[in-house]
Number of protein chains: 2
Amino acid sequence: MSNQEFVVLGQGGGPDACRPGLLAAPLAEDQAAELAKVFKALGDPVRLRLLSMIASRAGGEVCVCDLTPAFELSQPTISHHLKLLREAGLIASERRGTWVHYRLLPEMTDRLAGILTRTAGQPLHDSGEVPA
Amino acid sequence: MSNQEFVVLGQGGGPDACRPGLLAAPLAEDQAAELAKVFKALGDPVRLRLLSMIASRAGGEVCVCDLTPAFELSQPTISHHLKLLREAGLIASERRGTWVHYRLLPEMTDRLAGILTRTAGQPLHDSGEVPA
DNA sequence: GGCTTGTATCGATGGGTTTCGATTCAGTGT
DNA sequence: ACACTGAATCGAAACCCATCGATACAAGCC
């Protein structure tokens with residue numbers, strides 16, 4: 001059996017430790033747990049639409065009062081989804097007077113994009129077997 | 001029953017020529033639903049580690065017999081997670097003799113990276129960043 | 001054919017998630 | 001102070017998911 005162990009790099013460093021990305025080296029357990037929280041926040045169609053509405057809005061900010069009526073869901077439900085996105089570090093909220101405004105935190109989406117991007121030194125291995 | 005559903009993203013009706021990404025325009029409902037399936041597949045620490053093990057392995061393929069003992073989980077559980085990653089279009093499997101080998105489908109991770117990447121024409125609306 | 005090993009599927013279960021109505025909190029205006 | 005509106009929090013109910021043991025399927029070996 002080709003039972004070859006996966007060496008897990010013991011870098012339990014802070015949240016801004018060196019990140020080689022998903023595709024370069026096996027993820028450590030704690031890194032995987034931390035990342036999974038963010039991806040789980042993206043794993044819901046309502047939250048994805050909320051995030052895209054916030055991120056694509058000219059001016060960078062959206063009032064909750066504009067988001068809630070865009071769905072056929074109750075106000076507490078939208079508030080709950082926004083909370084999950086906020087706890088995942090994807091958005092931030094600010095209250096200005098009566099209304100609460102949300103904005104994208106691009107550091108997180110940048111980080112995810114980097115994690116999912118092949119590095120130049122990572123060859124592709126799939127020479128010839130890709131179906132279409 | 002073996003519906004190896006290859007999730008096709010953002011295909012409203014044409015080839016993927018215009019895919020603005022999450023951050024450029026609000027997602028349509030069906031696009032969000034399909035994208036959410038893939039992110040949901042990534043929203044589990046075990047699946048993230050499995051994917052990173054598969055993606056980072058030199059040669060591009062990993063035998064299940066190497067993946068299963070790397071976790072303190074039962075063999076059916078690992079098989080279940082691999083199935084979800086496969087149905088999300090992130091990996092593919094091939095049986096060669098006794099063993100089954102998995103490999104990354106880089107089109108999907110590439111697509112996700114693109115979706116999470118700010119386009120150059122999409123400025124950042126710099127506002128006061130961290131609430132000092 | 002039987003035996004052994006590797007992998008996938010099945011059925012059940014405990015825990016988590018989505019959603020709601022009701023309530024509470026925050027801010028504005030009267 | 002009171003009333004009104006926008007948003008968050010609080011249970012609760014329906015649903016989904018991760019995990020397991022048991023079982024079935026696949027391939028090689030005796």
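Quick note on labels: first sequence line is chain A, next is B, and so on, each numbered from 1.
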Self-check item: Length of the line joining A:Glu94:CD and C:dG27:C1', which is rounded to integer Å
Solution: 15 Å

Quiz item: OP1 or OP2 of C:dG16 less than 4.0 angstrom from a side-chain nitrogen or oxygen of A:Lys40, does that happen here?
Solution: no

Practice problem: Report the distance from atom CG of A:Leu73 to atom P of D:dA8, rounded to the nearest whole Å. | Solution: 15 Å

Self-check item: By salt bridge (Lys or Arg N to Asp or Glu O under 4.0 Å) - contacts of A:Glu87 (at least two apart)
Solution: none

Exercise. Select base, sugar-phosphate, or nothing to describe what B:Arg47 touches, counting heavy atoms under 4.0 Å on all strands.
Key: sugar-phosphate

Practice problem: Look at the side chain of B:Ser74 and decide which nucleotide, out of D:dG21, C:dG21, D:dA7, has an atom nearest to it. | Solution: D:dG21

Self-check item: Residues in contact with DNA chain C, drawn from residues 75-84 of chain A - heavy-atom cutoff 4.0 Å
Solution: A:Pro76, A:Thr77, A:His80, A:His81, A:Leu84

Quiz item: C:dG16 C1' sits how many Å from A:Asp44 CG, rounded?
Solution: 14 Å

Exercise. Could you tell me whether B:Arg118 and A:Asp110 have a side-chain N and a carboxylate O separated by less than 4.0 Å?
Key: yes

Quiz item: Counting N and O atoms only, with roles assigned by atom type, does the side chain of A:Thr117 sit under 3.5 Å from a partner on the main chain of A:Ala113, one being a donor and the other an acceptor?
Solution: yes

Self-check item: Whether A:Ser79 side chain and A:Gln75 backbone form a donor-acceptor pair below 3.5 Å
Solution: no

Practice problem: Rounded to the nearest angstrom, tell me the gap between atom NE2 in B:His101 and atom P in D:dA27. | Solution: 13 Å

Self-check item: Rounded distance in Å - CZ (A:Phe39) to P (D:dC17)
Solution: 18 Å

Quiz item: Counting any heavy atom closer than 4.0 Å, what does A:Tyr102 reach on the DNA or RNA strands: base, sugar-phosphate only, or nothing?
Solution: sugar-phosphate

Quiz item: Is the shortest side-chain N to carboxylate O distance from A:Glu34 to A:Arg111 below 4.0 Å?
Solution: yes

Quiz item: With respect to the side chain of B:Arg95, which nucleotide from C:dA8, C:dC20, D:dA27 is positioned closest?
Solution: D:dA27

Self-check item: Separation of atom CZ in A:Phe71 from atom P in C:dC20, rounded to whole Å
Solution: 12 Å

Self-check item: Transitive ILVMFWY side-chain link A:Met53 to A:Met108, under 4.5 Å
Solution: yes

Self-check item: Between C1' of D:dG6 and CG of A:Leu67, the distance in whole Å
Solution: 13 Å

Quiz item: To the nearest angstrom, how far is A:Leu48 atom CG from C:dT18 atom C1'?
Solution: 15 Å

Practice problem: Give the cluster check for A:Leu73 versus A:Ile91: same hydrophobic cluster or not, with ILVMFWY residues linked at side-chain heavy-atom distances below 4.5 Å. | Solution: yes

